[in-house]
**Q** 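Take a look at the following structure, please.
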Amino acid sequence: MKYHQLDRQLFIKNRAKFTGQMKPNSVAVFNSNDIYPVSADSTLPFAQHRDIFYLSGVDQEESILLLFPDAPYAHQKEILFLKETSEHIAVWEGEKLTKEKAFEVSGVKTVYWLQDFEKILFELMTYCDTIYVNTNEHYRQSVTTETREARFVKWWKAQYPAHQVAKSNPILQHIRSVKEQEEIALIQQACDITNKGFRRLLPFVKPGVMEYEIEAELIHEFVRNRSKGFAYTPIIASGNNANVLHYIENNQACKAGDLLLLDVAAEYANYSSDMTRTIPVSGRFNARQKAVYNAVLRVKNEATKLLVPGEFWKNYHLEVGKFMTSELLGLGLIDKADVQNESPDWPAYKKYFMHGTSHHMGLDTHDYGLLHKPIEANMVFTVEPGIYIPAEGFGIRLEDNVVVQAQGEPFNLMRDIPIEVDEIESLMQG
């Protein structure tokens, strides 16, 4: 891994939070992700399942974590199963976790090789009543491939039909959404790497530069700072490309006078950052661009103040809609008649700001979090309003990552990343 080894105390705490909510006499099983094939012998780079990483720190394929807090013997309460390593594997694939190293990483004392899993699980199933299976219930999920977790669930149901089944996801949705201080520090590190990348490209952007050249500048800076790279597929959208919300072609030339929307961010140790900035290709905003930009910035700043403990997701977005409506009226993009005649299901402001303002962030860019529950301290959110005007050839979005505080306004993890018009113009002019 490129990142520095993390303190295993984080994963010990995370496991304690999970097992503290398990039913009596139950087992929970968590699988790593597959390495997904492309064609012939080609594969995609391995990306660990965030749940097993959250609970163990193990960042390796073909791994299983088993938790059984009420096990009859101490050595059965936490067990890791790993792909057996060897000198041959070390030569051909690189070093894998040994049992000793797995304990150092995770704090799990009992480690077996993967070939022992079915035999040991059989013994444990004779002791327990319930098994927790780890299904994906994220509100944005759209899984069309059969995952390693799904194959395990299918196999387990066939082998042990008499046991009760419980779901890991509702527990994880809550405990993963409220971050430990160590996690906030890792997200901060990802944000700091993003800051370095953004500052690198500000003097680089000029009329005629290609969007993919900007992507190359960013990946250079991210990787040299121990990131695997982008936390998500980068959006580098010049001119009207910014009005395609998930534009990822990144293959057009940046033209003089246009704006460039950058939804780009680094990961660090599997933790995401998520930044959006919009900059002028020629180094200066014109009057209209600046007016719209500052309107978006004001909405972002006002929306951030609303992310406080006890606030509800639905109400938060209603309030942000009021801020945006006011700004769009001021810009002349909508009028009072538009507001008076608007549909509650699609308010007038949605013509120019059609997406949500915030989402949970952490190990996943769109992280776990139960949207019907009140916001809590130490949750991490994006704040990302935008105004998109195809008729005028540009779109502007601004996005920071903030930590909800027990008292007062959220703490901005991207406070050092330039966002004010004057600072961006100054840095672009060199």
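Please read these numbers as outputs of a predicted model, since none were measured by experiment.
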**Q** Measure the spacing between CD of Q173 and NE2 of H360 and express it to the nearest 0.5 Å.
**A**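 Between atom CD of Q173 and atom NE2 of H360 there are 8.5 Å.
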**Q** Determine the interplanar angle of the W155 and Y160 rings, folded into 0 to 90°, and report it as parallel if under 30°, tilted if 30 to 60°, perpendicular if over 60°.
**A** perpendicular
**Q** In sequence, state the C-alpha distance, the side-chain angles, and the governing distance for Q141 and N136, and then conclude on side chain to side chain donor-acceptor pair (under 3.5 Å).
**A** CA-CA 7 Å; Q141 71 87 14; N136 186 344; 4.5 Å; no
**Q** Has H355 got a side-chain atom pairing as donor or acceptor with L245's backbone, closer than 3.5 angstrom?
**A** no
**Q** Consider side-chain contact (heavy atoms from CB on, under 4.5 Å). Of I279, L259, I424, which one does Y293 pass it with?
**A**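 Running side-chain contact (heavy atoms from CB on, under 4.5 Å) over I279, L259, I424 with Y293 returns exactly one hit, I424.
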**Q** What are the two closest heavy atoms between Y247 and A237, and how far apart are they?
**A**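 Y247 and A237 have their closest heavy atoms at CD2-CB, 3.6 Å.
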**Q** What residues form a salt bridge (Lys or Arg N to Asp or Glu O under 4.0 Å) with R226, not counting sequence neighbours?
**A** none
**Q** Would a distance-only check, ignoring hydrogens and angles, find a side-chain to backbone donor-acceptor pair under 3.5 Å from N251 to E211?
**A**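 No; judged by distance alone, with no hydrogens or angles, the pair does not exist.
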**Q** For E425, enumerate each residue passing the salt bridge (Lys or Arg N to Asp or Glu O under 4.0 Å) test, keeping only those at least two apart in sequence or located in another chain.
**A** R284
**Q** Does the ring centre of Y3 sit less than 6.0 Å away from the ring centre of Y271?
**A**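 Centroid separation for Y271 and Y3: 6.0 Å or greater.
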**Q** To the nearest 0.5 Å, what is the distance between CD (E409) and OG1 (T304)?
**A** 8.0 Å
**Q** List the residues meeting side chain to side chain donor-acceptor pair (under 3.5 Å) with E217, not counting sequence neighbours, and say none if there are none.
**A** R200
**Q** So, Q405 side chain and V403 main chain: donor-acceptor pair closer than 3.5 Å or not?
**A**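 Side chain of Q405 to backbone of V403: a pair is present.
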**Q** Is it true that a side-chain atom of Q60 and a backbone atom of L97 form a donor plus acceptor pair closer than 3.5 Å?
**A**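 Side chain of Q60 to backbone of L97: a pair is present.
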**Q** Looking at D367 and K179, does any basic side-chain N land under 4.0 Å from a carboxylate oxygen?
**A**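 A salt bridge is present here (some side-chain N lies under 4.0 Å from a carboxylate O).
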**Q** Holding to salt bridge (Lys or Arg N to Asp or Glu O under 4.0 Å), I want the full list of residues that pass it with R199, two or more places apart in sequence or in another chain.
**A** E423
**Q** Main chain of I175, side chain of Y54: is a donor-acceptor contact present, judged purely on distance under 3.5 Å?
**A**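 Answer holds: yes.
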**Q** Let's go through L331 and Y352 carefully: what are the C-alpha distance in whole Å and the side-chain angles of both, what is the deciding distance for side-chain contact (heavy atoms from CB on, under 4.5 Å) to 0.1 Å, and is it a yes or a no?
**A** CA-CA 11 Å; L331 292 167; Y352 298 98; over 6 Å; no
**Q** Could you tell me if R176 sits above the aromatic ring of F18, with its cationic atom closer than 6.0 Å to the ring centre and no more than 45 degrees from the axis?
**A** no
**Q** Can you measure from OH (Y368) to CZ (R50) and round to the nearest 0.5 angstrom?
**A**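 The CZ atom of R50 is 10.5 Å from OH of Y368, to the nearest 0.5 Å.
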**Q** For residues 27-36, which residue pairs pass the salt bridge (Lys or Arg N to Asp or Glu O under 4.0 Å) check, not counting sequence neighbours?
**A** D34-R148, D34-R151
**Q** Does a donor on one side chain sit under 3.5 Å from an acceptor on the other, for S26 and T130?
**A** no
**Q** With sequence neighbours left out, which residue pairs that include part of residues 266-281 fulfil the salt bridge (Lys or Arg N to Asp or Glu O under 4.0 Å) condition?
**A**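 For residues 266-281, and leaving out neighbouring residues, the salt bridge (Lys or Arg N to Asp or Glu O under 4.0 Å) pairs sorted by first residue read R277-D400.
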**Q** Could you pull out all residues at least two apart from Q159 that satisfy side chain to side chain donor-acceptor pair (under 3.5 Å)?
**A**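 Counting only residues at least two positions away or on another chain, Q159 forms no side chain to side chain donor-acceptor pair (under 3.5 Å).
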**Q** Test K99 against F103 for side-chain contact (heavy atoms from CB on, under 4.5 Å), laying out the working first.
**A** CA-CA 6 Å; K99 293 181 178 181; F103 167 67; over 6 Å; no
**Q** Inspect the surroundings of CZ in F122 and state if more than 12 heavy atoms from other residues, nucleotides or ligands are less than 6.0 Å away.
**A**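 Result for CZ/F122: open.
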**Q** Please work out which of the three classes, parallel, tilted or perpendicular, describes the rings of F53 and F11, given edges at 30° and 60°.
**A** perpendicular
**Q** Using only atom types and a distance under 3.5 Å, with no angle test, would you say the side chain of S106 pairs donor to acceptor with the backbone of G57?
**A** no
**Q** Specify the closest pair of heavy atoms between N250 and I236, including all atoms of both residues, with the distance to one decimal.
**A**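 Taking every non-hydrogen atom into account, OD1-N, 3.0 Å.
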**Q** Around F204, counting heavy atoms of other residues, nucleotides and ligands shown, do more than 12 lie under 6.0 Å from its CZ?
**A**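 Yes, enclosed.
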**Q** Is there a side chain to side chain donor-acceptor pair (under 3.5 Å) between Y268 and N225? Walk through the geometry before answering.
**A** CA-CA 9 Å; Y268 181 77; N225 282 282; over 6 Å; no
**Q** Only pairs at least two apart or in different chains count here, so list each salt bridge (Lys or Arg N to Asp or Glu O under 4.0 Å) that has a residue in residues 105-115.
**A** none
**Q** Taking atom types as modelled and ignoring hydrogens, do the side chains of Q9 and E182 form a donor-acceptor contact shorter than 3.5 angstrom?
**A** no
**Q** Heavy-atom count around K228 NZ within 6.0 Å, excluding the residue itself: above 12?
**A**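 More than 12 heavy atoms, drawn from other residues, nucleotides or ligands, come within 6.0 Å of this atom.
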**Q** Which atom pairs, one a donor and one an acceptor, fall under 3.5 Å between side chains of residues 110-120 and the rest of the protein, sequence neighbours left out?
**A**
from	atom 1	to	atom 2	distance (Å)
T110	OG1	H75	O	2.8
Q115	NE2	E84	OE1	2.7

**Q** Give the C-alpha distance, both sets of side-chain angles, the deciding distance and a yes or no for side-chain contact (heavy atoms from CB on, under 4.5 Å) between V380 and E183.
**A** CA-CA 10 Å; V380 179; E183 295 180 282; over 6 Å; no
**Q** Quick one: which of F394, F285, Y388 gives a side-chain contact (heavy atoms from CB on, under 4.5 Å) with V292?
**A** F394
**Q** Just by distance, do the side chain of D364 and the backbone of H366 share a donor-acceptor pair under 3.5 Å?
**A**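 Not confirmed, D364 side chain does not pair with H366 backbone.
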**Q** Can E95 and K101 be counted as an ion pair, charged N to O under 4.0 angstrom?
**A**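 Result for this pair is no, no salt bridge flagged.
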**Q** Please give me the minimum heavy-atom distance between A190 and S273, naming the atom from each residue.
**A** O-OG, 3.4 Å
**Q** Using the test side chain to side chain donor-acceptor pair (under 3.5 Å), find all partners of E384 that sit at least two apart in sequence or belong to another chain.
**A** H359, T382
**Q** Is the closest side-chain donor-acceptor distance between E149 and N31 under 3.5 Å?
**A**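 Side-chain D/A pair, E149 to N31: present.
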**Q** Using the salt bridge (Lys or Arg N to Asp or Glu O under 4.0 Å) criterion, which residues pair with K17? Sequence neighbours excluded.
**A** E180
**Q** Kindly say whether R397 contributes a backbone atom to a donor-acceptor pair with the side chain of T278 at under 3.5 angstrom?
**A**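 Indeed, once roles are kept as given, a pair shorter than 3.5 Å links the two residues.
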**Q** Apply side chain to side chain donor-acceptor pair (under 3.5 Å) to K305 and list each qualifying residue two or more places apart in sequence or on a separate chain.
**A**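 K305 satisfies side chain to side chain donor-acceptor pair (under 3.5 Å) with E302 once adjacent residues are dropped.
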**Q** Is it the case that the side chain of H174 and the backbone of P170 share a donor-acceptor pair, with hydrogens and angles ignored and the cut-off at 3.5 Å?
**A** no
**Q** Under 3.5 Å, is there a donor-acceptor pair between the side chain of S32 and the main chain of S63?
**A**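 Side chain of S32 to backbone of S63, a donor-acceptor pair under 3.5 Å: yes, one is there.
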